[in-house]
Number of protein chains: 2
Amino acid sequence: MRAHELWNRGLHGRGYRLTIPRKAILEVLSNSDDHLSAEDIYIMVHGLYPTIGLTTVYRTLDLLVQMGVVYKFDFGDGRARYELMDHFSKKAHHHHLICTSCKTIIDYDDFLDEELDLIHKTENALSNRHNFEIKGHTMQFYGLCDKCSKRF
Amino acid sequence: MRAHELWNRGLHGRGYRLTIPRKAILEVLSNSDDHLSAEDIYIMVHGLYPTIGLTTVYRTLDLLVQMGVVYKFDFGDGRARYELMDHFSKKAHHHHLICTSCKTIIDYDDFLDEELDLIHKTENALSNRHNFEIKGHTMQFYGLCDKCSKRF
DNA sequence: CTAACTGCAAATTCTTTGCATTAGT
DNA sequence: ACTAATGCAAAGAATTTGCAGTTAG
């Protein structure tokens, strides 16, 4: 499995170790498409290995974010969400439509053809201009959903 | 001034009241281009009206977010940032390039020509497809900056 | 007048830290 | 063996809530 392989390598490269908790946490992330909170992940991991604590989940997630393996999102509900980066994920894009009033999140993936094209172009342009090694992206549109829009 | 006008209307429409603190907080947001934290805003507002408390700043920001007048961002440093929505802001776009390792944020606005075009198209398409009243958007690219990229 | 709004202090909630113990390599 | 990693309990920090007094409409 790709992500595991690369994570393993990345860990060693930095002098870090591959442990049971770390394997389990990546496993859980790999098998989920949703935006998981640290606690969600903790519950799932804890189901598999009851000795693993919440602290370790947080510490491992930090590491994964630092290494560019997972995204850390915040949709404004006061708890962070985590999801595998493009490269490792079944999902190549993370585009959201968010209602600022009721906080509904629509995870859309019915892109316009040009949308994908443009993202790659932009990615390349930015990569060159700012000397960045780009690993993924996120796009969110904010507004009022049907219901909330009608409420006023 | 546009934002004030619309906010005023929006408040009344919901049975809310236009108060000194609310005016002051919108004022501060209008006169700033940066990503302000609740505390930043509190300090500025407090400078103008020393009686206004932090709680009110939080409550007002919630309201502004709900009503789609301001964005609430979270860049992962554990404190939310607020900024006027496109329509009201000098800046029409909020595009960021973020280093997942050192957390540097580049606020780029040297867009490709097509980038703007496409965003409007996408906005329209989404608006129709999902019956959303879109007020703004955000786009972020994640990766490793020059320095961090070289560190491994 | 009346209900919405406010400030303060206390309470919550998510996340981080300190430290003694355990476990990769 | 040598250190990194872990779990627990406690600490920390941003945000929220309860409540009695204040103010907009």
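The nearest whole Å value for the distance from the CZ atom in B:Arg79 to the C1' atom in C:dT15 is 14 Å. Rounded to an integer number of Å, the gap from OH of A:Tyr58 to P of D:dT6 is 16 Å. Rounded to whole Å, the distance from CG on A:Asp74 to P on D:dA14 is 14 Å. Following rounding to the nearest Å, B:Ile52 (CD1) and C:dC8 (P) show an atom-to-atom distance of 11 Å. The distance from atom CD1 of B:Ile43 to atom P of D:dA14 is 11 Å, rounded to the nearest whole Å. Atoms NZ (A:Lys23) and C1' (D:dA4) sit 16 Å apart, rounded to a whole Å. Nucleotide D:dA4 holds its P atom 13 Å from the CG atom of A:Leu63, rounded to whole Å. Between the P atom of D:dG7 and the CD1 atom of A:Ile20 lies a distance of 11 Å, rounded to the nearest Å.
A donor-acceptor contact under 3.5 Å is formed by the side chain of A:Arg17 with the base of D:dT3. In the interface, the side chain of A:Arg59 is not paired with the base of D:dA5 through any donor and acceptor atom under 3.5 Å apart.
Aromatic pair A:Tyr142/B:Tyr71: centroids less than 6.0 angstrom apart.
Within the structure, a side-chain polar atom (N or O) of B:His12 is placed less than 4.0 Å from OP1 or OP2 of D:dG25. Look at B:Arg22 and you won't find any side-chain N or O under 4.0 angstrom from OP1 or OP2 of C:dA4.
A:Val70 approaches A:Leu61 most closely through the heavy-atom pair CG2-O, 4.4 Å. In plain terms, the two heavy atoms of B:Arg22 and B:Trp7 that are nearest each other are O-CZ3, 3.0 Å.
A distance-only check finds no donor-acceptor pair linking the side chain of A:Ser127 to the backbone of A:Glu133 [under 3.5 Å].
By the 30° and 60° cut-offs, the orientation of the rings of A:His93 relative to A:His95 is perpendicular.
Between B:Tyr16 and A:Thr19, the residue anchored closer to the 5' end of DNA chain D is A:Thr19, taking for each the nucleotide with the nearest heavy atom. In this structure, B:Tyr42 and A:Glu39 both approach DNA chain C, and ranking their closest nucleotides by distance from the 5' end singles out B:Tyr42.
Nucleic acid contact for B:His46: none, since no nucleic acid atom lies under 4.0 Å from a heavy atom of the residue. Counting any heavy atom pair closer than 4.0 Å across all strands shown, A:Ser37 reaches no nucleic acid atom.
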